[in-house]
Amino acid sequence: MHSHLIDLKTIEDPRGLLTAVEGALDIPFEIKRIFYLYHVSADRGGHALIDTDQVLIPIHGKLMVKLFNGKETKEYLLDDCTKGLYIPRLYFTNMYEFTPETVCLVLASTHYDMSRYLRSMDAYMTYLKENHLI
């Protein structure tokens, strides 16, 4: 599966807006972990996850995301809290240009395990080659 933006169901009435996210319905996986980034003062990411799919939702503010799948690079501006960016496993991810007020919610398909991370481009490319993925 490729990275793509997901439209999240948003309901508007005179009281305001409500956006709901349901795992396995709106999100293409069972959600095992939720975390959020805020008060970000430097670029984030710089890694790929071996077996974890993620969705990034910019709750407030904006950020840029650059994804590399071993062959192609794609960039996304995340600035709309009604859209989530689906990032499949094994996409090298860089997040940058956070505005000071940015809060980014991340939904993940696995629990945290540092051994699931490829923390450099060299390690990432080696993993892809050794596993005949490129």
Side-chain angles (χ1 to χ4, degrees):
M1 186 173 275
H2 298 289
S3 65
H4 62 276
L5 291 172
I6 297 169
D7 290 319
L8 303 173
K9 295 177 198 152
T10 301
I11 300 165
E12 182 176 5
D13 69 22
R15 301 168 294 172
L17 298 166
L18 182 148
T19 299
V21 178
E22 296 183 75
L25 292 177
D26 305 308
I27 306 302
F29 54 79
E30 178 185 350
I31 299 166
K32 297 265 180 95
R33 181 167 57 112
I34 299 171
F35 62 95
Y36 47 96
L37 306 167
Y38 58 103
H39 297 300
V40 177
S41 60
D43 294 352
R44 299 293 309 231
H47 56 66
L49 298 167
I50 293 172
D51 64 351
T52 302
D53 300 326
Q54 295 183 320
V55 170
L56 278 58
I57 303 170
I59 298 301
H60 189 67
K62 63 183 177 179
L63 68 144
M64 292 293 299
V65 180
K66 185 188 319 185
L67 301 176
F68 177 63
N69 66 4
K71 299 173 189 166
E72 301 173 327
T73 299
K74 190 160 187 181
E75 289 185 279
Y76 294 89
L77 168 64
L78 299 186
D79 63 352
D80 181 348
C81 66
T82 68
K83 297 188 184 309
L85 175 60
Y86 172 65
I87 304 173
R89 61 196 68 196
L90 288 173
Y91 271 59
F92 200 88
T93 304
N94 287 296
M95 297 172 281
Y96 56 98
E97 293 183 14
F98 288 81
T99 55
E101 72 280 6
T102 297
V103 178
C104 181
L105 182 71
V106 182
L107 312 174
S109 66
T110 62
H111 297 288
Y112 178 76
D113 180 347
M114 186 178 243
S115 69
R116 292 181 167 130
Y117 285 69
L118 299 167
R119 295 205 172 266
S120 72
M121 185 60 74
D122 287 341
Y124 174 65
M125 294 305 292
T126 298
Y127 182 90
L128 292 180
K129 289 174 186 170
E130 288 176 352
N131 290 281
H132 309 288
L133 298 170
I134 58 168

Please examine the side chains of [Y] and [X], heavy atoms only from C-beta on, and report whether any two atoms are closer than 4.5 Å.
{"X": "I27", "Y": "V21", "value": "yes"}
{"X": "R44", "Y": "L63", "value": "no"}
{"X": "K83", "Y": "L78", "value": "no"}
{"X": "L56", "Y": "V65", "value": "yes"}
{"X": "I6", "Y": "H4", "value": "yes"}
{"X": "M64", "Y": "Y76", "value": "no"}

(message) My understanding is that only residues two or more places apart in sequence, or in another chain, count here; which of them pass side chain to side chain donor-acceptor pair (under 3.5 Å) with E130?
(response) none

Cluster overlap [X] with [Y], hydrophobic side-chain contacts below 4.5 Å:
{"X": "L5", "Y": "L77", "answer": "no"}
{"X": "L25", "Y": "I31", "answer": "no"}
{"X": "L8", "Y": "L17", "answer": "no"}
{"X": "L67", "Y": "M121", "answer": "no"}

(request) Give, for atom OG of S3 and atom CD of Q54, the distance between the pair rounded to the nearest 0.5 Å. (result) 12.5 Å

(message) Nearest 0.5 angstrom please: T19 OG1 to I59 CD1, how far?
(response) 8.0 Å

Closest non-hydrogen atom pair, [X] against [Y]:
{"X": "L107", "Y": "F29", "result": "O-CZ, 3.6 Å"}
{"X": "H111", "Y": "R33", "result": "C-NE, 4.0 Å"}
{"X": "S115", "Y": "I50", "result": "O-CD1, 4.1 Å"}
{"X": "H2", "Y": "Y86", "result": "O-CD2, 3.6 Å"}
{"X": "N69", "Y": "L128", "result": "O-CD1, 4.3 Å"}
{"X": "L118", "Y": "F92", "result": "O-CE1, 4.0 Å"}

(message) So, using ring pair (Phe, Tyr, Trp, His ring centres under 6.0 Å) as the criterion, who are the partners of Y112 when residues are at least two apart?
(response) Y117

(request) With sequence neighbours left out, write down each residue that passes ring pair (Phe, Tyr, Trp, His ring centres under 6.0 Å) with H60, or none if nothing qualifies. (result) none

Just distance, no hydrogens or angles: give the donor-acceptor pairs under 3.5 Å from side chains in residues 93-105, sequence neighbours left out.
unit_1	atom_1	unit_2	atom_2	d
T93	OG1	Y91	O	3.1
N94	OD1	G46	N	3.3
Y96	OH	E75	OE2	2.0
T99	OG1	K62	N	3.1
T99	OG1	E101	OE2	3.3
T99	OG1	T102	OG1	2.7
T102	OG1	K62	N	3.1
T102	OG1	K62	O	2.8
T102	OG1	T99	N	3.1
T102	OG1	T99	O	3.0

(request) Report the residues that fulfil side chain to side chain contact (heavy atoms under 4.5 Å, CB included) with D122, sequence neighbours left out, ordered by chain and then residue number. (result) S120

(message) Can you list everything that forms a side chain to side chain contact (heavy atoms under 4.5 Å, CB included) with T73? Sequence neighbours excluded, please.
(response) K66, F68

Donor-acceptor pair, distance only, cut-off 3.5 Å: does the side chain of [X] make one with the backbone of [Y]?
{"X": "S41", "Y": "H39", "answer": "no"}
{"X": "R119", "Y": "A48", "answer": "no"}
{"X": "N131", "Y": "L133", "answer": "no"}

(message) Before you tell me yes or no, could you show the steps for M125 and I134 under side-chain contact (heavy atoms from CB on, under 4.5 Å), namely the whole-Å CA-CA distance, both residues' side-chain angles and the distance that decides it to 0.1 Å?
(response) CA-CA 9 Å; M125 294 305 292; I134 58 168; 3.4 Å; yes

(request) Using a strict 4.0 Å threshold on nitrogen-to-oxygen distance, state whether D53 and R89 make a salt bridge. (result) yes

(message) Does atom CZ (F35) have a neighbourhood of more than 12 heavy atoms from anything else shown, all under 6.0 Å?
(response) yes

